[in-house]
Asker: 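The structure's right below; bear with me while I get my questions together.
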Protein chains: 4
Amino acid sequence: MARTAGSHGPTTFEAIRQEGLRLIYEHGYEAMSLRQLAAEVGIQVGSLYNHIRNKQDFLFELMRAHHDGLLGAWEEASRAAERDAEDPVARMKAFVAFHIAYHIDRRRDVYVANFELRSLEPGNYAAIVEMRRRYEREVIGIVERGVARGVFAVSDPQAASYGILAMLTGVCTWFHPEGRLGTAEITELYTGMVLKSLAAPG
Amino acid sequence: MARTAGSHGPTTFEAIRQEGLRLIYEHGYEAMSLRQLAAEVGIQVGSLYNHIRNKQDFLFELMRAHHDGLLGAWEEASRAAERDAEDPVARMKAFVAFHIAYHIDRRRDVYVANFELRSLEPGNYAAIVEMRRRYEREVIGIVERGVARGVFAVSDPQAASYGILAMLTGVCTWFHPEGRLGTAEITELYTGMVLKSLAAPG
Amino acid sequence: MARTAGSHGPTTFEAIRQEGLRLIYEHGYEAMSLRQLAAEVGIQVGSLYNHIRNKQDFLFELMRAHHDGLLGAWEEASRAAERDAEDPVARMKAFVAFHIAYHIDRRRDVYVANFELRSLEPGNYAAIVEMRRRYEREVIGIVERGVARGVFAVSDPQAASYGILAMLTGVCTWFHPEGRLGTAEITELYTGMVLKSLAAPG
Amino acid sequence: MARTAGSHGPTTFEAIRQEGLRLIYEHGYEAMSLRQLAAEVGIQVGSLYNHIRNKQDFLFELMRAHHDGLLGAWEEASRAAERDAEDPVARMKAFVAFHIAYHIDRRRDVYVANFELRSLEPGNYAAIVEMRRRYEREVIGIVERGVARGVFAVSDPQAASYGILAMLTGVCTWFHPEGRLGTAEITELYTGMVLKSLAAPG
DNA sequence: AATGAATGAGAATTCATTCAT
DNA sequence: CATGAATGAATTCTCATTCAT
């Protein structure tokens with residue numbers, strides 16, 4: 001919603017960030033025009049350039065910030081459960097719970113960060129993909145350790161991890177706050193499915 | 001001056017379809033310009049309009065055709081395995097194999113059909129979503145029957161199905177023809193994971 | 001209205017002429033596209049060129065034909081009343097009646113012929129303007145003779161004639177077949193006004 | 001690169017208005033391209049949109065402004081001659097003088113406002129026609145009062161008024177500043193003709 | 001004659017970006 | 001820090017016209 005006039009300071013940037021996120025989420029990066037964004041924020045197009053370098057850089061910043069936050073949050077969550085470090089099942093449980101909770105709360109960021117990769121210029125693309133890879137490595141690591149210990153049984157930990165991530169992240173696509181299922185129910189369901197899907201027989 | 005170069009006759013549309021699919025896959029619908037498309041096909045921009053009604057309609061046709069083909073192919077595949085109709089495990093196996101095979105062969109169509117939904121105008125959007133829903137209903141139906149018969153155990157067949165579909169469709173994102181894993185390996189891995197994830201204990 | 005298919009022969013041209021006239025009348029020459037015209041006639045654009053040389057020439061032909069008909073019809077009407085040749089009042093009466101009748105019956109032709117002059121290329125423009133001038137000369141001639149004989153009194157026969165012509169031709173703008181006034185009433189009213197407006201005192 | 005040449009500030013719109021008027025007058029609304037207009041003004045095409053909403057709206061504004069000015073000017077002129085309010089002959093004299101003077105000075109506006117009606121979209125069309133009707137009502141009112149008082153004698157005041165207006169407005173079509181007749185002569189001639197054409201016998 | 005597919009130019013409009021004020 | 005006006009390139013789409021079939 002537009003602010004009446006002359007919004008200023010750090011607030012303005014935050015408004016731009018939020019409206020931008022929403023617009024990209026709803027229409028896509030290419031389809032969002034800076035005029036639209038400026039109008040939403042309640043300033044003139046030219047004024048945007050006091051807060052962003054340019055459109056591409058704005059997108060990159062959104063994505064970088066998201067992945068930064070994601071990696072940081074997981075690091076923290078994972079350190080908090082340090083004593084589980086050696087138990088792949090416990091770690092996977094923690095990961096599923098973390099991933100779903102974090103993603104459901106930031107559905108728009110997630111959508112943008114995952115589906116606007118192709119709108120990034122090569123340099124920016126590489127940087128974001130690298131961050132994403134680091135996050136994926138976390139899951140793959142858990143699966144690999146599980147396999148090594150004989151508690152998990154999958155022929156290809158990497159492909160298995162991709163599948164799990166797709167399943168979990170997909171929640172952002174269909175989750176609805178007023179829907180039948182809340183975060184708790186979804187987490188329980190998916191935790192069960194993920195663990196079963198990886199489980200070694202016996 | 002009339003036609004001196006470029007594509008010809010009914011072939012032209014097929015060329016447009018293929019190049020269009022590729023360009024949308026690579027850059028996104030909004031980012032693909034008809035100039036680009038025409039150039040790839042080797043005709044003038046204006047000539048495109050002898051074959052498509054407009055850009056939006058072109059996208060819609062691509063997506064409609066994809067879902068049409070998908071539904072038809074599954075119907076056929078599912079009819080071919082008629083004697084499994086009563087066995088949810090067998091049916092799910094068949095579905096996973098079908099879905100992966102069909103999708104891996106049409107990665108670009110799939111990508112476009114799934115990720116350009118937001119580029120559709122409301123009417124077209126509704127039509128495509130409805131087709132997608134019909135396909136999803138197939139999986140949900142299998143899961144529900146499995147649960148009813150006690151061979152599957154999940155608290156919410158619909159959410160479980162969404163997860164499975166996300167996992168399977170996600171293959172399109174990372175599959176590479178020259179990659180480590182072929183269709184057979186992926187199918188085996190994911191069939192196992194899916195069936196285990198649904199399985200009732202015991 | 002479109003004819004079903006393959007309309008042919010001299011009929012086709014007549015259909016083009018009529019639909020063209022209507023479209024130009026309603027939307028203007030520039031605003032009428034040949035695609036529209038072809039669709040209205042029920043043929044493809046390309047086929048138009050079997051009947052017209054090009055768009056500009058088509059307009060010119062419409063206008064030339066109209067003025068041709070107009071001059072011919074007046075010549076005939078004026079010859080029919082040969083014995084009035086010497087009486088300016090009688091001649092003007094005849095002219096008003098003729099002009100209104102002829103124009104009301106061909107409102108669209110008139111509109112096009114008068115208001116699309118600026119759409120003509122220089123050469124065509126000159127030709128049409130010349131035809132129009134010949135027609136105007138007829139009125140001016142009547143007024144001049146009337147002034148010479150003392151039955152009319154206006155300071156400038158040419159300007160007076162332009163005024164009379166504007167008044168009479170203007171009928172095409174507001175006349176409606178189902179309107180309050182019919183051709184007879186209008187003719188009577190305007191004949192009276194024209195003769196009074198020119199009349200010498202006494 | 002930002003502004004390096006061309007027009008500036010609030011002056012720019014006035015330049016657009018004038019060049020636009022001229023171009024529409026000379027070539028017609030449909031035939032005038034915004035490229036042309038921008039070139040005449042000395043700015044880029046895109047810059048036009050800092051001053052107009054779109055082409056159609058620009059035309060509408062021109063016409064609205066004209067009719068606004070016309071109605072306002074007549075109101076004032078008619079108020080100035082208040083003591084004549086009761087004398088239809090004096091009022092008609094005043095009207096003819098006003099109409100000719102105002103129109104001769106604004107030939108282009110008049111032409112555009114009267115002959116581009118068909119280029120207006122329905123809503124805009126209705127608005128302009130309504131303004132025109134208000135102006136016409138003024139003349140019709142004078143004629144009606146004259147008839148009521150027995151100084152004018154015409155069978156249909158409305159049709160008579162349309163005729164008078166066509167005659168007077170037609171001046172814009174043939175008037176030339178360097179021509180044989182000046183505003184004064186034309187006004188005298190047409191005032192005489194109009195009053196005679198309406199006059200009751202005796 | 002009619003068709004359908006082509007051309008190349010041009011239409012209105014929108015875009016990201018710049019910059020003097 | 002915001003504005004308003006500018007740029008120049010790009011957008012989708014339409015146009016009159018041509019011509020092999």
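In this text, all values refer to a predicted model and were calculated from it rather than measured experimentally. Computation of the quantities below employed the complete heavy-atom set of this structure, encompassing side-chain atoms and omitting hydrogens, waters and symmetry-equivalent molecules. Every chain is numbered from 1, with letters handed out A, B, ... down the list of sequences.
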Asker: Give the minimum heavy-atom separation between Lys55(D) and Ile52(D), together with the two atoms involved.
Answerer: N-CD1, 4.4 Å
Asker: Take atom CZ of Phe13(D) and atom P of dA5(F), then tell me their distance rounded to the nearest Å.
Answerer: 12 Å
Asker: Between Lys55(C) and Ala31(B), name the one whose nearest nucleotide on DNA chain F is closer to the 5' end.
Answerer: Ala31(B)
Asker: Counting a pair only when it is Watson-Crick or G-U and both distances are under 3.5 Å, which runs of at least 3 such pairs involve DNA chain E?
Answerer: E:2-21 with F:2-21
Asker: Answer with yes or no whether Asn50(A) presents, from its side chain, a donor or acceptor under 3.5 Å of a partner atom in the base of dA2(F).
Answerer: yes
Asker: Answer yes or no: is there an ion pair linking Glu130(A) with Arg133(A), defined by an N-O contact shorter than 4.0 Å?
Answerer: no
Asker: Gln44(C) or Arg53(D): which one's nearest nucleotide on DNA chain E is closer to the 5' end?
Answerer: Gln44(C)
Asker: Can you tell me how far apart CZ (Phe60(D)) and OG (Ser119(D)) are? Round to the nearest 0.5 Å.
Answerer: 14.0 Å
Asker: Give one of base, sugar-phosphate or nothing for Ser33(B), where a contact means two heavy atoms less than 4.0 Å apart.
Answerer: sugar-phosphate
Asker: Would you give the length of the straight line joining atom CD1 of Ile16(D) to atom CD of Glu61(D), rounded to the nearest 0.5 angstrom?
Answerer: 13.0 Å
Asker: Taking atom P of dT14(E) as reference, at what distance in whole Å does atom CD of Glu30(A) sit?
Answerer: 18 Å
Asker: Between C1' on dA5(F) and CD1 on Ile16(D), what's the gap in Å once rounded to a whole number?
Answerer: 11 Å
Asker: Could you tell me the separation between the CG atom of Leu34(B) and the P atom of dG10(E), rounded to a whole number of Å?
Answerer: 20 Å
Asker: Rounded to whole Å, how long is the line connecting atom CG of Asn54(D) with atom C1' of dT13(E)?
Answerer: 9 Å
Asker: Side chain of Tyr49(A): nearest nucleotide among dA1(E), dT17(F), dA16(E)?
Answerer: dA16(E)
Asker: Side chain of Val45(A), heavy atoms from C-beta onward: which of dA6(F), dT17(E), dT3(E) has the nearest atom to it?
Answerer: dT17(E)
Asker: Say whether Asn114(D) and Arg132(D), considering side chains only, have a donor N or O and an acceptor N or O under 3.5 Å apart.
Answerer: yes
Asker: Just the rounded figure in Å: distance from C1' of dC15(E) to CG of Leu48(A).
Answerer: 13 Å
Asker: Given dA6(F), is OP1 or OP2 found less than 4.0 Å from the side-chain N or O atoms of His51(D)?
Answerer: yes
Asker: Compare side-chain N and O positions of Thr12(B) against OP1 and OP2 of dA5(E) and report whether any pair is under 4.0 Å apart.
Answerer: no
Asker: Quick check on DNA chain F: between Gly46(D) and Met32(B), whose nearest nucleotide comes earlier from the 5' end?
Answerer: Gly46(D)
Asker: Is the CZ atom of Phe115(C) crowded by more than 12 outside heavy atoms at less than 6.0 Å?
Answerer: yes
Asker: Do Arg22(C) and Glu40(C) sit within salt-bridge range, that is, some charged N less than 4.0 Å from a carboxylate O?
Answerer: yes
Asker: Below 4.0 angstrom, N of the basic side chain to O of the carboxylate: do Glu116(B) and Arg108(B) qualify?
Answerer: no
Asker: Look at the side chain of Ser47(A) and decide which nucleotide, out of dA1(E), dT3(F), dT7(E), has an atom nearest to it.
Answerer: dT3(F)
Asker: Rounded to whole Å, how long is the line connecting atom CD1 of Ile52(D) with atom P of dA12(E)?
Answerer: 9 Å
Asker: Could you state the atom-to-atom distance from CZ of Arg35(C) to P of dG4(E) in whole Å?
Answerer: 13 Å
